[in-house]
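Everything below concerns the one structure shown next.
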Amino acid sequence: MKTNLLALPLDQAEAALRDFFTSRGEPAYRTEQAFRRLWKEPVRSFEEITDLPARLRAELDAAFELPSLTLAARQRSSDGTEKFLFQLSDGQAIETVAIPDRGRMTFCISSQAGCALQCAFCATGLMGFARNLGLHEIAGQVRELALLDPPVRATNIVFMGMGEPMMNWPAVDATLTVLNDPRAFGIGSRHITVSTVGVLPGIVSLAARPEQFRLAISIHAPNDTLRRSLMPINVKYPLREVIDAAREFDRRVTFEYVMLGGVNDQPAQAKELAALARDCGAFVNLIPLHPGGAGDFVPTTSREIRDFATRLSREGIEVAVRKSRGTDISAACGQLRVERLRRRAPGRAEQDREVDEAGRIGA
Ligand code: SAH
C-alpha cells in the first residue's frame, strides 16, 4: 500500500519524507526538495520533481502517492466567478467556487459530500449526507486549482461550499494548517473563514487554535422558535449557547443571515437580531436568498434588505449586504451541485449523469 502524502497532516507528511530520505542515506535537503512539492509548488507526480535524481523519483513513486481530484466540469459566470466540479475516487462529486474581487481571489470550498443538516432553504441539504472529505480532498481543491494552466491561486478561503466543516473537524483542522502554513499555501489566517451553523465543539476547537482564523456563524433567525423551524440543528445547539460560544471566541465573529421574504425580515426581527449581535459583538452579513436553493422561500426585495440593514445599523450593529456572485451558473451559496439532484440522495449513476450534464454546459 502506498502512503497518500496529501492525506497526512503537514508535519506528518514532512516526517514521512524525512524518514524516507534518511533511511536511504540521502542528505537532509532532499526532504525539503520533495516536501515543498506537496502544496507550496505542487506537482501532479513525483516524476515532475526534476531537481531530484530519477532513481529517487522512482522510489518515491513506489512508496507514496499524490492523488489528484478529477476536474469534471468548469463553468464561468459573466461576473468572472468560476465553478469547478470535482469527481472523487469513489464517484462522489464536490464543488469549489473561485470568486475574483478587486485583486482578491476567494475560494469557497467544500468540506463534506452532501450535508446532514437539512436547513430549509439550502440545496445541499436536499442531497442528504454522503461522507466527510479527507484533507487531500478539502485542501486538494485549492491544490488542483493551483495546478491549472494558468494557475488559479487563492488569496482568501471561505468554508462555505458543501457541508458543515465543524462536523468534519479533524480534516478541517489539518486543512487549516495546510492553507495557512508558509511551508504549504501560506494564506494569512485572517483571510481564512470557517462557516458553521453553530456546532459548539467545533467552535471551541477553532478558538483553541493559536492562529487568527475567522469564524462565521449561520444564524438566519433571531429566536429559537423560528430558527428551529429553519435549521433542525438548533434543537441540539440552541441560539443562546451559540451566542455564548461566539462571545467567548476571542476574535470578532460574523453572523450570516439569509434574507427570507416574510419569514425572518420583519422590523421586530431586526431588533431581536441586533440584540444577539450586540451580545457577542458580531458583524452581520445579510445574504440575499439565492433562487435554486430549497423550499418555497421568496427573496426579500433589495429595498427591504436595505431597510433591515439600516435598522441594524441604527441599533449600533455593523452590517453589510453580501453581493450575489455567480448566480447565472448556480455557483451561489447553498446551490452547489444540485441541478440534477433535487430531492434525492446522491447515488453513483446519478452523479455520473450530473457530471456529464455539467460538462456539457461548461463546454
Ligand atoms: N454549513 C456551513 C457552511 C456551508 S453554507 C454553514 O451553514 O454555515 C454557507 C452559507 O450559505 C450559509 O450561511 C448558508 O446558510 C448559506 N445558504 C444556504 N442556502 C442558501 C441560499 N439558498 N441562499 C443564500 N444563502 C444560502
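In each ligand, atom 1 is the first atom listed, and ligand 1 is the first ligand listed. Since this is a predicted model, take the numbers as computed values, not measurements.
Proximity of Pro288 to ligand 1 is established by a heavy-atom distance of less than 4.0 Å. Proximity of Ala216 to ligand 1 is not established, as no heavy-atom distance is less than 4.0 Å. Distances shorter than 4.0 angstrom occur between a heavy atom of His220 and an atom of ligand 1. At least one heavy atom of Gly161 sits closer than 4.0 Å to an atom of ligand 1. Judged by the shortest distance from any of its heavy atoms, Phe297 lies outside the 4.0 Å radius around the atoms of ligand 1.
Both the backbone and the side chain of Glu164 come within 4.0 Å of ligand 1, counting heavy atoms alone. Under 4.0 angstrom from ligand 1, the non-hydrogen atoms of Leu289 come from both its backbone and its side chain. Using a 4.0 Å cut-off between heavy atoms, Ile217 makes no contact with ligand 1 at all.
Glu211 has a carboxylate O that lies under 4.0 Å from a charged side-chain N of Arg209, or vice versa, which qualifies the two as a salt bridge. Taking the charged nitrogens against the carboxylate oxygens, Arg18 and Glu26 have no contact shorter than 4.0 Å, which rules out a salt bridge. A salt bridge is absent between Arg30 and Asp51; no separation between the charged side-chain nitrogens and carboxylate oxygens falls under 4.0 Å.
Because its NZ or CZ atom is both nearer than 6.0 Å to the ring centre of Phe20 and within 45° of the ring axis, Arg24 counts as a cation-pi partner of that residue.
A donor-acceptor contact closer than 3.5 angstrom links the side chains of Asn132 and Gln112. Under 3.5 Å, the side chains of Ser195 and Glu256 contain a donor-acceptor pair of N or O atoms. Residues Ser324 and His290 have side chains that bring a donor and an acceptor to within less than 3.5 angstrom of each other.
Atom numbering of ligand 1 starts at 1 in the shown order; those under 4.0 Å from a heavy atom of Phe159 are 3 (C). Of all atoms in ligand 1, listed by their number and element, those nearer than 4.0 Å to a heavy atom of Val258 are 23 (N), 24 (C), 25 (N). Those atoms of ligand 1 that come under 4.0 Å of a heavy atom in Glu256, given as number and element, are 10 (C), 13 (O). Near Cys122, the atoms of ligand 1 lying under 4.0 angstrom from a non-hydrogen atom of the residue are 18 (C), 19 (N). For ligand 1 and Phe121, the ligand atoms under 4.0 Å from any heavy atom of the residue are 15 (O), 18 (C), 19 (N), 20 (C), 22 (N).
Pairs of residues two or more places apart, or lying in two chains, that qualify as ring-ring contact (aromatic ring centres under 6.0 Å, His included) and include a residue from residues 229-277 are Tyr257-Phe308.
We find the CG-CD distance between Asp19 and Gln12 to be 11.0 Å, quoted to the nearest 0.5 Å. Put simply, CG on Leu5 and CZ on Phe46 are 5.0 Å apart, with the number rounded to the nearest 0.5 Å.
Here atom 2 (C) of ligand 1 lies nearest to Ser195 when heavy atoms of Ser218, Ser195, Pro299, Gly293 are compared.
At under 3.5 Å, a nitrogen or oxygen of Gly163, whether backbone or side chain, sits near a nitrogen or oxygen of ligand 1.
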